[in-house]
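The structure appears right after this line, and notes come after that.
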Amino acid sequence: MPLLSCPSKTAGSGKHIRGKSRERRIRELPLHSRSQPTRLMDMFLDLASGNTSKDLETCGVLGASLKKGTFYVTTLIIPKQESESNSCQALHEEEIFSIQNQQGLFPIGWIHTHPSQSCFMSSIDLHTQYSYQVMVPEAVGIVMAPTDKSRDYGIFRLSNGGMRILKDCSEKGFHPHREPADGSSIYEDCSNVYVNQNLRLEICDLR
């Protein structure tokens with residue numbers, strides 16, 4: 001199964017996150033070669049299909065191991081969540097932290113659907129992405145937009161200018177953000193994410 005990996009700029013600096021332990025359902029999937037989008041994304045869409053058919057977003061958290069300066073996405077966590085057509089809120093986050101802590105995983109990013117919207121990062125998405133990049137600078141945000149005919153998925157991260165803007169933004173809900181002073185975009189496509197054919201994926205569905 002092709003999984004995502006990216007070089008680390010912060011090897012050895014991550015901290016494990018503590019949380020309460022609980023039983024969870026885990027499916028371990030075999031490896032298969034596949035063209036993009038990666039199989040990880042296809043499996044997430046399958047897990048989200050019930051919500052997608054009702055025009056509700058679904059979100060998941062990407063857990064990664066760190067080996068020789070590279071993060072390898074090995075775990076997809078689907079938390080309990082509250083969903084609307086244009087937003088999704090994870091619940092009981094201590095359950096996510098528990099899995100990350102038990103397995104020694106880094107929170108390398110997140111994935112969510114835009115069931116009826118185009119493939120982009122909303123203002124709420126940008127704030128969520130900021131929270132991940134503050135923890136792990138290499139963190140990515142994956143948007144799955146199955147109804148977007150021009151681009152059905154994207155792997156994004158905040159630019160340096162975008163990080164500065166989000167750091168100073170205290171607004172909630174949907175709202176506009178100014179453009180970075182250096183003229184760059186507030187977020188950008190990731191250029192350091194690779195497909196890796198030699199990993200297995202665990203799916204922890206907590207719903």
Side-chain angles (χ1 to χ4, degrees), residues 1-48 58-79 90 93-112 121 125 128-144 153-160 162-163 187-206:
M1 175 179 300
L3 299 181
L4 303 178
S5 64
C6 58
S8 167
K9 297 181 292 185
T10 56
S13 64
K15 295 181 179 179
H16 292 177
I17 304 173
R18 299 184 182 278
K20 299 177 180 179
S21 62
R22 71 184 303 278
E23 290 186 351
R24 56 192 183 276
R25 299 189 303 278
I26 298 179
R27 285 191 292 160
E28 189 168 290
L29 304 174
L31 295 171
H32 296 286
S33 177
R34 187 177 176 86
S35 61
Q36 58 183 337
T38 69
R39 184 76 169 169
L40 181 154
M41 299 179 196
D42 287 343
M43 289 304 302
F44 176 71
L45 282 180
D46 287 343
L47 292 166
T58 305
C59 63
V61 177
L62 306 176
S65 60
L66 177 62
K67 296 180 180 179
K68 296 182 179 180
T70 297
F71 287 110
Y72 295 92
V73 177
T74 59
T75 307
L76 170 61
I77 306 169
I78 311 294
E93 292 183 321
E94 71 277 2
E95 296 178 353
I96 303 172
F97 300 153
S98 176
I99 293 172
Q100 293 172 338
N101 187 54
Q102 290 171 8
Q103 300 188 24
L105 299 173
F106 291 82
I108 197 60
W110 65 303
I111 183 171
H112 76 291
M121 294 280 274
D125 295 342
T128 301
Q129 180 62 28
Y130 175 79
S131 69
Y132 278 95
Q133 282 186 229
V134 165
M135 291 188 291
V136 182
E138 296 84 359
V140 300
I142 304 176
V143 178
M144 304 300 300
Y153 79 97
I155 306 175
F156 304 117
R157 69 186 313 278
L158 293 174
S159 64
N160 291 335
M163 287 292 288
Y187 69 93
E188 58 197 13
D189 287 290
C190 291
S191 59
N192 64 333
V193 176
Y194 308 96
V195 170
N196 186 289
Q197 307 290 346
N198 301 309
L199 296 178
R200 299 175 72 87
L201 175 69
E202 289 184 329
I203 296 180
C204 306
D205 193 338
L206 305 177

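For reference, positions follow the sequence shown, starting with 1. This structure is a prediction, so every number in the text was calculated from the model and none was measured.
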Contacts of type salt bridge (Lys or Arg N to Asp or Glu O under 4.0 Å), residue Glu188, not counting sequence neighbours: Arg157
Using 0.5 Å steps for rounding, measure from the [atom1] atom of [X] to the [atom2] atom of [Y].
| X | Y | atom1 | atom2 | answer |
| --- | --- | --- | --- | --- |
| Leu206 | Glu93 | CG | CD | 12.0 Å |
| Asp46 | Met41 | CG | CE | 14.0 Å |
| Leu105 | Leu66 | CG | CG | 11.0 Å |
| Leu62 | Gln100 | CG | CD | 10.0 Å |
| Ile77 | Ile203 | CD1 | CD1 | 11.5 Å |
| Thr74 | Arg200 | OG1 | CZ | 12.0 Å |

Tell me the closest heavy-atom pair linking [X] and [Y], and the distance in Å.
| X | Y | result |
| --- | --- | --- |
| Pro79 | Gly60 | CD-CA, 4.1 Å |
| Thr75 | Cys204 | CG2-SG, 3.9 Å |
| Gly63 | Ile108 | C-CG2, 4.4 Å |
| Val140 | Cys190 | CG1-SG, 3.5 Å |
| Pro107 | Tyr132 | O-CD2, 3.8 Å |

Do the rings of Phe71 and Phe106 sit parallel, tilted or perpendicular, given the 30° and 60° boundaries? perpendicular
Phe156: ring pair (Phe, Tyr, Trp, His ring centres under 6.0 Å) partners, not counting sequence neighbours: Tyr187
Donor-acceptor contact below 3.5 Å, side chain Gln133 vs main chain Met163: no
Which residues pass the side chain to side chain donor-acceptor pair (under 3.5 Å) test with Thr58, not counting sequence neighbours? Asn51
Do Ile99 and Val61 come close enough that some side-chain heavy atom pair is under 4.5 Å? no
Less than 4.5 Å apart, any side-chain heavy atom of His112 and any of Asp125? yes
Residue list, side chain to side chain contact (heavy atoms under 4.5 Å, CB included) with Ile78, at least two apart or on another chain: Phe44, Leu47, Leu76, Gln81, Asp205, Arg207
